[in-house]
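Residue numbering restarts at 1 for every chain, and letters A, B, ... go by the order of the sequence lines.
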Amino acid sequence: MFASVVVDVPTQQTDRLYDYEVPESWEALVQPGMRVLVPFGPRKIQGMVLAIKASTDVLKTKPLIALLDLTPVLTEELLAIGKWLSNETMCFLITAYQAMLPSALKSTYSKKLVLADGRLPSDLPEELQVFYKNQRAVLWDDVESNLQTMKSVKLALEEGWIDVLYEAKDQTSIKHVKWVTLKQSLTEALASLAANAVRQREAIQLLASHKDGLALSVLSQRSNAGYSSLNKLVEKGIFHLEERELYREPYELMESTSTPLDLTEEQAAVLESIVSATDQSSATTFLLHGITGSGKTEVYLQAIDNALKQDKQAIVLVPEISLTPMMVDRFKKRFGSKVAVLHSALSKGERYDEWRKIHRKEVTVAVGARSAIFAPFDRLGIVIIDEEHETSYKQEEHPRYHARDVAIKRAAFHKCPVVLGSATPSLESRARAQKKRYHYVQLEKRIGKQSYPEVTIADMRDELKAGNRSMFSRQLMDALTETISRGEQAVLFLNRRGFSTFVMCRDCGYVLQCPHCDISLTYHKHHHAMKCHYCGHQEPLPRACPKCESEHIRFFGTGTQKVEEELLKLLPDIRILRMDVDTTKRKGSHAKLLDAFEAHEADVLLGTQMIAKGLDFRKVTFVGVLAAETMLHLPDFRAAEKTFQLLTQVSGRAGRHELPGQVVIQTYTPEHYSIMLSASHDYAGFYKQEMQFRKLSQYPPFYYLALVTITHEDLMECAKEAEKIARHLSQELSDEAILLGPVASPIPKIKDRFRYQCMIKYKDEPKLQPALKQIMALYAERIQKKELQVLIDMQPYSML
DNA sequence: AGCACGCCGACT
DNA sequence: GTCGGCGTGCTC
């Protein structure tokens, strides 16, 4: 019997199957989806079994060294998904499989020099003896690599004094705990005790009230009985003692404490259509378009509940940033201990524990960020992707997958629905719903009596004209002081993503645009010129605004610290809580800050991206957006969409409870449709207008995109190869496809390597995938030599 | 990725 | 003549 194995060596040459002989004693045990230890050249490495077969074409096979799993860690379905992923995203197979498993299952390798059997350190050359003072093995990396010692090592190896040992270890150390259960009935157990054994009696009584038993240490502590007396009870056969696996975060058997809420008519109708998809095993993708506060989560919860009742499982994806304790609690309260949470803030071990609960079928609901889509369930009944439009569902490293695509692929296998939920659906999804590829369902009413907050747009150009040179408009200052004086709280939002330097006129708000691409030009220090990242258009830096001839034309960008300082100058008595990357670096500080704000320890919460999502504070009635357009002028065709989504989301933070909300959006471009339409809560209007732009400028959802990036140490070489690739592509592709570039990448040099890119816009291009693979093969050797890199991203989410 | 095999320059 | 540089190619 032979096993076809993908080895843990992510390179072009080893990206294939290797056959190994299965030792007879393991024939009944080995299954596809198990990790194995295999010999590979002189080393031992980890591998993934993809198939078992009776014969092989390979003449000289080696046997497997060890089985690393007793049950497969990947199901046949996930093995197939991995193949699909590697093909689709052009990554190595093993890279795809690694992405699907918790990192604790990945091996780390070490090379050691061990003293040969029966040898003593004194047998070795002098300079090696120091390493073996109190050990028989030394790590290769710990041996100083000077010429003399290397020579001695070589000699010692030849003489057989030492051996090289390759080790592969994963991090699956599982903690165990001593666990006791009562073996007899309470009366029986008590009867056999001596009358004066008070502590033992107490222990027995305590244990009788815990059917499932207790950890020995816990029992001892609670009953005041020592370990020796408890051990006597074990010896007597009254207690049963065993080693039990301990999860790092012992999950308390949390009872479900929340019950389904009454649904509005709207909610009930949406729920009904989702539920019937699960019931009829229909792999329908729903786009649930529900405005903030319309009760999407309750619909999710009841749809999941329905799946669970049919003995099926559920995956819920939430953007990393909103995977807060608040969010998780809602699921835990409804489904109790049936929930596993996969969060990147967990330690490797904790993450592995959560994953194991899923693997061992101890839970039926997985809540987590992007990678939770690979939860090894075998009977999926529903997949939910909340905040569907979030860009974090796309992984930026290999494998560059989009969780939404994986979800739909998995759902097709399990014949279950996918629910994409959002208040501001991505244009792609909304367009697919339009084309009936997704089933469109809507929640248009806010629950209860909440009304939309009143949104004011503050034109910063007017402020400047009126002599207000500060970064706060009069509208914002008025609303802020009023809010605080009423004893309520405010959130100030600064979009700092605007690091990319765009140039704007402070008088008329004009931003330099590329005449060919409708994308703002970025300022390049080195060339002292304005450039378009998409088509390569270049023009000199203007002295005066081309539109109004004002000289107040300059770069943009500011930080939260600066805002805090400025605000304190104007209102020295207010308490500000600043939340950004700096203040939330430490683990847990994120939650701490939010708790403090909830407890009204501050009047103003000032922050970036991270405060835009999912936060729900009782007393927040005012939200201010300091610079609405920073994101608008990023060199990204999704800039307007992102701006609209963000502004809509941020305004949703104001007045979610009894108190009415107010929003002020500061901007230099108040007439931009993404700003105007978000202020009037008009998604439909925005969709219409943005679709027009996308159609005109040939972007998704009208065209698919592929981005090929070439990097090289030498600028000329980089440009030359990029040119070659572009030529090759233009030969292969149909006339329908649009090829842009090659041009320098938005970040033209990273780590001393120059970057060029070609963008392909296409509709139906069956030859694209093969052509790209051909290019990869053509450059294989030069890539391997690290001379150049060719990076391919299908459907890139960010052009940066 | 590692590692072995293998073919050219400066040394005992 | 040999030691050792790292280019090339393989790992079931």
Side-chain angles (χ1 to χ4, degrees), chain A residues 1-24 26-27 30-68 79 86 90-99 103 105-114 125 138-159 162-170 397-399 713 776-791:
Chain A
M1 199 184 249
F2 300 92
S4 291
V5 173
V6 203
V7 293
D8 180 20
V9 185
T11 63
Q12 191 81 51
Q13 293 160 302
T14 53
D15 186 33
R16 57 193 195 85
L17 294 175
Y18 287 86
D19 288 350
Y20 289 88
E21 193 188 317
V22 178
E24 221 171 305
W26 292 343
E27 285 190 355
V30 202
Q31 287 172 60
M34 282 182 176
R35 293 172 309 137
V36 285
L37 203 60
V38 295
F40 199 64
R43 308 177 283 161
K44 281 187 217 170
I45 55 169
Q46 193 183 289
M48 175 64 69
V49 178
L50 284 206
I52 304 292
K53 51 191 191 179
S55 65
T56 176
D57 300 335
V58 181
L59 299 171
K60 42 182 177 88
T61 55
K62 291 181 184 175
L64 300 174
I65 296 172
L67 301 185
L68 298 178
L79 289 176
S86 78
M90 304 203 202
C91 71
F92 306 125
L93 244 190
I94 195 66
T95 311
Y97 291 133
Q98 234 127 43
S103 58
L105 292 182
K106 191 179 144 81
S107 279
T108 52
Y109 302 101
S110 64
K111 182 184 176 184
K112 283 178 177 173
L113 297 176
V114 261
V138 63
L139 234 44
W140 173 265
D141 292 346
D142 289 349
V143 179
E144 230 184 304
S145 65
N146 66 53
L147 206 68
Q148 191 51 46
T149 39
M150 291 315 265
K151 268 188 179 170
S152 303
V153 168
K154 209 180 165 194
L155 176 72
L157 281 169
E158 277 165 7
E159 296 291 333
I162 57 173
D163 295 311
V164 181
L165 180 76
Y166 293 94
E167 273 188 336
K169 257 193 199 156
D170 63 23
E397 307 94 57
H398 285 299
E713 278 183 353
M776 291 304 277
L778 222 59
Y779 283 94
E781 317 110 72
R782 291 173 73 184
I783 291 170
Q784 202 198 332
K785 277 188 238 160
K786 295 197 167 173
E787 185 196 329
L788 81 169
Q789 278 176 291
V790 180
L791 311 163

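Put simply, CD on Gln13(A) is 14 Å from P on dC12(C), counting in whole angstrom units. Regarding Arg782(A), its CZ atom lies at a distance of 13 Å from the P atom of dT8(C), rounded to whole Å. In this entry the distance linking CG of Leu17(A) with C1' of dC12(C) reads 10 Å, nearest Å. Counting to the nearest Å, the P atom of dC10(C) and the CD1 atom of Ile45(A) are 17 Å from each other. Separating the CZ atom of Arg16(A) from the P atom of dG9(C) is a distance of 15 Å, rounded to the nearest angstrom. Whole-Å rounding puts the Leu37(A) CG to dC12(C) C1' distance at 15 Å.
Heavy atoms of Tyr20(A) sit under 4.0 angstrom from primed sugar atoms or phosphate atoms, though from no base atom. Residue Glu21(A) is classed as having no contact, given no heavy-atom separation below 4.0 Å to the nucleic acid. When heavy atoms are screened at a 4.0 angstrom cut-off, Thr11(A) is found touching base atoms of the nucleic acid. Within 4.0 Å of Phe92(A), counting heavy atoms only, lies no atom of the nucleic acid at all. Across all strands shown, Thr14(A) has heavy atoms under 4.0 Å from base atoms, whether or not it also approaches the sugar-phosphate.
Both thresholds, 5.5 Å between centres and 30° between ring planes, are met by Phe40(A) relative to the base of dT11(C), so the two rings are stacked.
OP1 or OP2 of dG4(C) has at least one side-chain nitrogen or oxygen of Lys151(A) nearer than 4.0 Å. Contact annotation: Lys60(A) does not reach the phosphate of dC12(C) (side-chain N/O to OP1 or OP2, under 4.0 Å).
Lys62(A) and Gly41(A) make their closest contact through NZ-O, 3.4 Å (heavy atoms, listed as atom of the first residue, atom of the second, distance). The two residues Ile52(A) and Pro32(A) have their closest heavy-atom pair at CG1-CD, 4.0 Å. Here the closest non-hydrogen pair linking Phe2(A) and Val22(A) is C-CG2, 3.8 Å. The two residues Tyr18(A) and Gln13(A) make their nearest non-hydrogen contact at OH-O, 3.9 Å.
Taking 4.0 Å as the cut-off between side-chain N and carboxylate O, Asp19(A) and Lys53(A) count as a salt-bridged pair.
Looking at Trp140(A) and Tyr166(A), their side chains never come closer than 4.5 Å, going by heavy atoms from C-beta outward.
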One pair to check against side-chain contact (heavy atoms from CB on, under 4.5 Å): Leu79(A) and Leu50(A). What are the steps and the verdict? CA-CA 7 Å; Leu79(A) 289 176; Leu50(A) 284 206; 3.6 Å; yes
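Using a 4.0 Å cutoff to heavy atoms of chain A, the contacted part of DNA chain B runs 5' to 3' from dA1(B) to dC3(B).
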